[in-house]
2 protein chains.
Amino acid sequence: MAETAAAARPASKSEQAYAAVKARIVDGTYSPGYRLVLAKIAEDLGVSVVPVREAIRRLEAEGLVTFERNIGATVAGIDPTEYLYTMQTLSIIEGAATALSAPLVGAADIARARAVNAEMRNCLEHFDPVRFTALNQDFHSILFEHCPNPHILDLVHRGWNRLAALRSSTFRFVPGRAHQSVDEHEALLGLIETGAGADAIEKAARLHRSATLDAYLAQSHS
Amino acid sequence: MAETAAAARPASKSEQAYAAVKARIVDGTYSPGYRLVLAKIAEDLGVSVVPVREAIRRLEAEGLVTFERNIGATVAGIDPTEYLYTMQTLSIIEGAATALSAPLVGAADIARARAVNAEMRNCLEHFDPVRFTALNQDFHSILFEHCPNPHILDLVHRGWNRLAALRSSTFRFVPGRAHQSVDEHEALLGLIETGAGADAIEKAARLHRSATLDAYLAQSHS
DNA sequence: GCCATAGTCTTCGTATACGATTTCGTACTC
DNA sequence: GAGTACGAAATCGTATACGAAGACTATGGC
């Protein structure tokens, strides 16, 4: 990584704190329910509490942590209904983003996506839920990153972050869904490739995600 | 002891600052492009800069202000593309919220909505864009407030706040759209009343909003 | 007269300090 | 022995202070 001397932006302490805490939440160092103590984090990062406070509040706004007045912050997650809400929201947002993005997705992008999907298919044999989930994110990123509306794109990213924070490599719980998911990916690519209507693409992308949610719900209710 | 309303805690300075600044943005005291100087706001509110800083950052996360490092904060808005993005996002989110909310909307709600719409129709004669916009928000609120997914509901509220901040009583620019809008409201109520499918309701709600956007675009491009 | 440069001034960024609030532990009473 | 009350420790909330970065202005050279 290029901290290329002078060219590197010093990055404010707030940013550093934000990135550091977010990374630890996403990678699981701070698991859901973990108590985030301002002073401790500040010391760990070698900064004062003020920037850390700001970072925590930003993470709160994104829904990665919950904050109670005079009590402190804890890493959000765990709650299954929270997972449900997040998935449902993401299904809507991501569906829209994918549809808006589709006209801007070129042949090269399709090829890349297909390569990722092939990797996912390989992954099905000796199944690794974490790797599969990572590839899944790569795949969908290719499809929605061209979305011309920055607000929607931002919401999609927030949704993915929340899911990551919830530590729900969903496929860990419903491995059977993985196979079907790969097939749906191919179908989705076909729709985009043939220039299908925005409605069709949106519906397909949305159903793709809500099907995963349904699989999870069916699993956990049994 | 009992949580009597009177004994309500004074609400943190951060909250006060947040509410105060937000109110001034929404009511137009701070118009788009206005330079928000931390020290000045802090003095006005009789607090220190730290809570104000936090408030500004929260508003930034909501998209009501933009913030540049070492430069300062300014009230967001003005930019027509920003308006476009916000409307498009809201059309998607509000459409989904309305559809999810529909099964929970009772006869009493329908009646209230119809009353509001009647007022809007009256309003058409001696047209007051600001009042019309306010009623419009009331109308839609009735339809989406029952949305069971709090995330989506939150996103809808953020969208409306952004629109308010942009000061675009859209109907000021496209008064001709108002009449059509009232009719679409009635159609939407009909769909909900007759228990139409979620797809139909979502599509109707979304089109209702994007039609307003299209009218605005057609107007401004001419 | 115009552009470049230096100096100042405003405003943000962060550290430190202190007061406020909550929680936990301990001792005391019934 | 259980419950309550008091006190200490931990943690958050906010004020103040100082250093740094950007922007304005004035002055000098071309």
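- Counting only residues at least two apart or in different chains, ring-ring contact (aromatic ring centres under 6.0 Å, His included) contacts with residues 28-62 of chain B comprise Tyr30(B)-Tyr34(B).
- Sorted by first and then second residue, the salt bridge (Lys or Arg N to Asp or Glu O under 4.0 Å) pairs with a member in residues 210-222 of chain B form an empty list; sequence neighbours excluded.
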At under 4.0 Å between heavy atoms, how does the protein contact nucleotides 8-13 of chain D? Give one character per nucleotide, 5' to 3', with B, S or -.
---SSS
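- Annotation: salt bridge (Lys or Arg N to Asp or Glu O under 4.0 Å) contacts involving residues 147-156 of chain A, sequence neighbours excluded, comprise Asp154(A)-Arg158(A).
- Qualifying ring pair (Phe, Tyr, Trp, His ring centres under 6.0 Å) partners for His146(A), counting only residues two or more places apart in sequence or in other chains: none.
- Evaluation of the ring pair (Phe, Tyr, Trp, His ring centres under 6.0 Å) rule for His185(A) yields Phe139(A), His140(A), His208(A) as partners, not counting sequence neighbours.
- Regarding contacts with the backbone of dT14(C), every side-chain N or O of Ser48(A) stays at 4.0 angstrom or more from both OP1 and OP2.
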